[in-house]
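Computed from heavy atoms alone, side chains included, the values below leave out hydrogens, waters and symmetry copies.
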Amino acid sequence: MIGNAHFGIELTGAAHSLWTYTVKATGLTHHIAPPTFEVDGVEIPAQLTDIELVEQPRRLVNGVIETIYAGRFVADAALRLEMTFRVGEHSPVVRFHYRLKSETPRALTKVTGTDRLRYLGFVLGTAEATGLDACTEVRLSEFDDAIHSFRLTEHAVPERAFEHGLALMGPILVAEGGGHAHLVAYEHGSQVPDAFVHFVLHPNHAVVLESVKGAYHAGRVVSRHEPYETLWLQFAAVVGDTDAMAAAYRAFVLNDLSL
């Protein structure tokens, strides 16, 4: 099983839940929806079967454990998805990315002229909570004219943002409610407001992370020897509030993020 004393991950391969993240202290489970790729003009979600361990977990130079699994697409048997998870011994943050492969050469396409890549989906909050106590977008590359430099900024996300389906650049989204705090993030350094990736909000606190541009070029070949790799993503949940998550996340950045 992937995880540590804080959480456990179970691979399910389902259309609505590629894998689950469970907080061991409380049993709270988040369902992480699979990525969706446009292959040869058809959008195909990574609903998987025949999921198996690619190689035995290994300890990286920074002490983090890396585990790689792979499964076959239900909708297209020639496609396979590799899932790489990195977990620190004491951190609630899991760092992960996906690798798309094909038994025969295929092409990533852009029928609409823009990227057609969805990285993940999930629901903020808990099943017991009717709403969130707070939701915050954290930006790492916002230019401040007063100091003529980039700096971190935090922006409260109101309930109406979910109701109206707004998009947020992030790259970090944090929420608290029901006695837990939750975090999702992606690793890309584009400058606000020039988004390459964004979080699309939906009613009932559903969130989808999608590519905006630059993830791949139209016609990008995917094969067994030329896999397509997504950017790195992060997910975490802790018992407590946003401050508890901030402390855990700072420790993750310091100890587990970089090799």
Side-chain angles (χ1 to χ4, degrees), residues 21 30 32-38 43 93-98 108 110 112-125 131-177 181-218 228-238 241-243 245-246 248-250 252-253 257-258:
Y21 176 112
H30 279 288
I32 309 301
T36 298
F37 304 90
E38 186 184 283
E43 280 194 293
V93 182
V94 56
R95 186 169 181 250
F96 61 99
H97 77 163
Y98 302 120
L108 294 177
K110 303 184 182 187
T112 62
T114 59
D115 287 7
R116 299 288 294 277
L117 173 58
R118 180 176 300 166
Y119 293 104
L120 59 82
F122 72 103
V123 177
L124 286 169
L132 298 176
D133 296 331
C135 184
T136 305
E137 176 195 13
V138 182
R139 302 174 184 173
L140 302 180
S141 57
E142 190 157 15
F143 191 79
D144 189 333
D145 289 323
I147 59 175
H148 199 69
S149 182
F150 294 95
R151 67 182 183 91
L152 181 150
T153 61
E154 298 181 354
H155 303 266
V157 181
E159 185 66 29
R160 63 180 179 275
F162 292 92
E163 297 171 355
H164 295 291
L166 299 187
L168 307 175
M169 183 171 170
I172 302 172
L173 191 63
V174 186
E176 64 176 76
H182 325 273
L183 177 146
V184 62
Y186 62 88
E187 298 179 19
H188 192 289
S190 55
Q191 176 184 340
V192 177
D194 187 19
F196 282 66
V197 186
H198 63 196
F199 299 99
V200 180
L201 309 182
H202 296 272
N204 301 320
H205 305 134
V207 178
V208 176
L209 182 63
E210 298 179 348
S211 173
V212 177
K213 60 183 179 181
Y216 62 95
H217 66 267
Y228 172 76
E229 292 188 1
T230 69
L231 44 70
W232 284 94
L233 309 167
Q234 303 164 8
F235 189 85
V238 299
D241 58 10
T242 300
D243 288 340
M245 177 61 76
Y249 192 74
R250 288 194 296 268
F252 158 76
V253 173
L257 178 59
S258 174

Enquirer: Look at the side chain of Tyr98 and the backbone N and O of Pro35, then say whether any donor-acceptor pair between them is shorter than 3.5 Å.
Expert: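 A pair under 3.5 Å: no.
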Enquirer: Can you see which heavy atom on Gly165 is nearest to which on Val200, and at what distance?
Expert: O-CG1, 4.4 Å
Enquirer: If every non-hydrogen atom of Val157 is compared with every non-hydrogen atom of Leu168, which pair is closest and at what distance?
Expert: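 Taking every non-hydrogen atom into account, CG2-CD1, 3.7 Å.
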Enquirer: Roughly how far, to the nearest 0.5 Å, is the OG atom of Ser141 from the CZ atom of Arg151?
Expert: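 Nearest 0.5 Å value for the CZ-OG distance: 12.0 Å.
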Enquirer: May I ask you to test the Leu124-Leu173 pair for a side-chain heavy-atom distance under 4.5 Å?
Expert: yes
Enquirer: Can you confirm whether more than 12 heavy atoms, excluding those of His148, are under 6.0 Å from its NE2 atom?
Expert: no
Enquirer: CD of Gln234 to CD of Glu187: how many Å apart, nearest 0.5 Å?
Expert: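 Answer for the CD-CD pair, Gln234 versus Glu187, is 4.5 Å.
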Enquirer: Between His30 and Val123, is a side-chain contact (heavy atoms from CB on, under 4.5 Å) present by the stated rule, with each step listed?
Expert: CA-CA 7 Å; His30 279 288; Val123 177; 5.9 Å; no
Enquirer: With rounding to the nearest 0.5 angstrom, report the CG to CD distance, Leu201 to Glu159.
Expert: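 If I round to the nearest 0.5 Å, the distance is 10.0 Å.
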Enquirer: Tell me, do Tyr119 and Tyr186 make a side-chain contact under 4.5 Å, heavy atoms counted?
Expert: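 They are not in side-chain contact.
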Enquirer: Is the shortest heavy-atom distance from the side chain of His155 to the side chain of Glu142 under 4.5 Å?
Expert: yes
Enquirer: What do the steps show when you test His97 against Thr230 for side-chain contact (heavy atoms from CB on, under 4.5 Å), and what is the final call?
Expert: CA-CA 6 Å; His97 77 163; Thr230 69; 3.6 Å; yes
Enquirer: Grab the two heavy atoms, one from Leu117 and one from Ala215, that are nearest each other, plus how far apart they are.
Expert: CD2-CB, 3.8 Å
Enquirer: Mind checking the CD-CD spacing from Glu38 to Glu43? Nearest 0.5 Å is all I need.
Expert: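 The CD atom of Glu38 sits 6.0 Å away from the CD atom of Glu43.
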Enquirer: Side chains of Tyr216 and Arg116, heavy atoms from C-beta outward: is any pair under 4.5 Å?
Expert: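 Yes, side chains in contact.
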Enquirer: Nearest 0.5 Å please: distance from the OG1 atom of Thr242 over to the NE2 atom of His182.
Expert: 9.0 Å
Enquirer: Under the criterion side-chain contact (heavy atoms from CB on, under 4.5 Å), I'd like the reasoning laid out for Phe235 against Leu120: C-alpha separation, chi angles, the key distance, then a yes or no.
Expert: CA-CA 11 Å; Phe235 189 85; Leu120 59 82; over 6 Å; no
Enquirer: Can you find a heavy atom in the side chain of Phe37 that is under 4.5 Å from one in the side chain of Tyr228?
Expert: yes
Enquirer: I'd like to check Phe162 versus Val207 (side-chain heavy atoms, cut-off strictly below 4.5 Å). Are they in contact?
Expert: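 Sidechains of Val207 and Phe162: in contact.
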Enquirer: Looking at every non-hydrogen atom in both residues, tell me the closest pair between Pro158 and Ala156 and how far apart they are.
Expert: CD-O, 3.5 Å
Enquirer: Should Phe199 and Glu137 count as side-chain neighbours, where that means a heavy-atom distance under 4.5 Å?
Expert: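 The answer is no, as the side chains (C-beta and beyond) never meet within the 4.5 Å cut-off.
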Enquirer: Side-chain contact test, heavy atoms from C-beta onward, threshold under 4.5 Å: evaluate it for Lys213 versus Thr114 and give yes or no.
Expert: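 No, their side chains stay 4.5 Å or more apart.
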Enquirer: What are the two closest non-hydrogen atoms of Phe196 and Ser190, and how far apart are they?
Expert: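 Scanning both residues, the minimum pair turns out to be CD1-CB, 3.4 Å.
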Enquirer: Can you measure from CZ (Phe150) to CD (Gln191) and round to the nearest 0.5 angstrom?
Expert: 3.5 Å
Enquirer: Look only at the side chain of Asp241 and the backbone of Asp243, and say whether a donor-acceptor pair between them is shorter than 3.5 Å.
Expert: yes
Enquirer: I need the minimum non-hydrogen distance between His205 and Leu132, along with the two atoms involved.
Expert: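 Reported closest heavy-atom pair: CE1-N, 3.7 Å.
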Enquirer: Give a yes or no on whether the backbone of Ala146 and the side-chain of Asp144 come within a donor-acceptor separation of less than 3.5 Å.
Expert: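 Answer holds: yes.
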Enquirer: Does a side chain donor of either Glu154 or Thr136 reach within less than 3.5 Å of an acceptor in the other side chain?
Expert: no
